[in-house]
Amino acid sequence: VANNTATQVGGGIYATRNSTANISHSTIINNNGFIGGGIVIVNGAQITITDCLIQGNSTDEHGGGVHCTSQSEVSLLDVIVRENTSTLLGAGVHVNRGSTMNLNRVQIIDNRGDTGGGIALRAGSEFNAIDVDVIGNFSNGPGGGIYSEESFSTMTNCNFLGNSCPNQGGGQFFMGGTSVQTRCVIADNECSRVAAVYNLWADLSYRNCTIANNRGEEISEIHSVQGEINLLNSIIWNENNSIITTSNNDEETIIVSYCDITGGRDGLVVDEQDNISWGEGNIDEDPLFADIDELDYHLTEDSPCIDVGDP
């Protein structure tokens, strides 16, 4: 499906009104739509996409690669979403208005948009991701890797690497909603302010995650504004910038247990009114990553982080 143009919706493929479809072993490339460049799923449609390449599509609005909205559902398995563009939200994928996206073994790479370079979630949407790589995406606004607004995500074994934006959340940006992340790596993202995770009003949980070596001029790893962050069995490490900060004059909740934090408790730059729970098992030791130059954040056999997690 290549080189098509839609003046309204769905440059390559358009599914609507409770339709169902399975798309497999296909390439959706170089299509353009006013809304949704590659594939559009709307109005209760349910689509499964397997072993496909979605590349080089573009849109004047949302969803350069995939646009899913209005109580619809899309599942992607063994799919590459690469080098798509959007003028507004979600250059790689965009999920909106109570829709659901399920990803398994998906790569979202080198997409460029205004907000949410790789992924954009909005308006009560649900996002479930397993073994997903979000790499090298760019956003002109917040959320180089992912932008999530009042939505709900669960991510397991996902990597957010080398994403960037000029403002707030080079790796991840959350505004309201919840996100539970397990065994994820958020590293080497870049932003002029919060390079890794920006949390505005959301409830975030990181379990067995690594957030490290992100680059920002003002704040580096995590910043929270009237939100809650729960860190368990995780590594938050950066020897050059601040680790965790909160906004002035707002009440935040940060819970840290069995984590390796650069600077220990002093790595948290917080206000007196914040609710800080500094639990058991936290350490401040070089985690001894395998090879950060090659973005390999596995632990070497001598790492102090091995066998010291929550019993």
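Please read all numbers here as calculations on a predicted model, not as lab measurements.
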Salt-bridged, Arg215 to Glu190, with N to O below 4.0 Å?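 Yes, charged N to carboxylate O under 4.0 Å.
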Under a 4.0 Å threshold between the charged nitrogen and the carboxylate oxygen, would Arg105 count as salt-bridged to Asp78?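 Salt bridge flag = yes for Arg105 with Asp78.
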Does any N or O in the side chain of [X] come within less than 3.5 Å of the main-chain N or O of [Y], such that one atom is a donor and the other an acceptor?
X: Asp274; Y: Ile276; value: no
X: Asn214; Y: Ile186; value: yes
X: Asn189; Y: Phe160; value: yes
X: Asn32; Y: Ser58; value: yes
X: Ser234; Y: Cys209; value: yes
X: Asp60; Y: Thr87; value: no
X: Asn238; Y: Ala212; value: no

Would you say [X] and [Y] make side-chain contact, with heavy atoms under 4.5 Å?
X: Ile108; Y: Leu103; result: yes
X: Val180; Y: Arg207; result: yes
X: Pro142; Y: Asn167; result: no
X: Thr59; Y: His62; result: no

Heavy atoms only: give me the nearest Asn140-Pro166 pair and the separation to one decimal.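 Here Asn140 and Pro166 meet closest at O-CG, 3.1 Å.
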Can you tell which of Ser153, Ser148, Ser151, Ser205 makes a side chain to side chain donor-acceptor pair (under 3.5 Å) with Ser179?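 The residue from Ser153, Ser148, Ser151, Ser205 that satisfies side chain to side chain donor-acceptor pair (under 3.5 Å) with Ser179 turns out to be Ser153.
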Is it true that atom CG of Asp291 has more than 12 heavy atoms of other residues, nucleotides or ligands lying nearer than 6.0 Å?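 Enclosed.
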Atom CD of residue position Gln8 - does it have more than 12 heavy atoms of other residues, nucleotides or ligands inside 6.0 Å?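 It does not: Gln8 CD has 12 such atoms or fewer within range.
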From Asn213 CG over to Glu239 CD, what is the distance, rounded to the nearest 0.5 angstrom?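 Answer rounded to 0.5 Å: 8.0 Å.
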Can you tell me how far the CD1 atom of Ile41 sits from the OG1 atom of Thr20, to the nearest 0.5 Å?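 Separation between the atoms: 12.5 Å.
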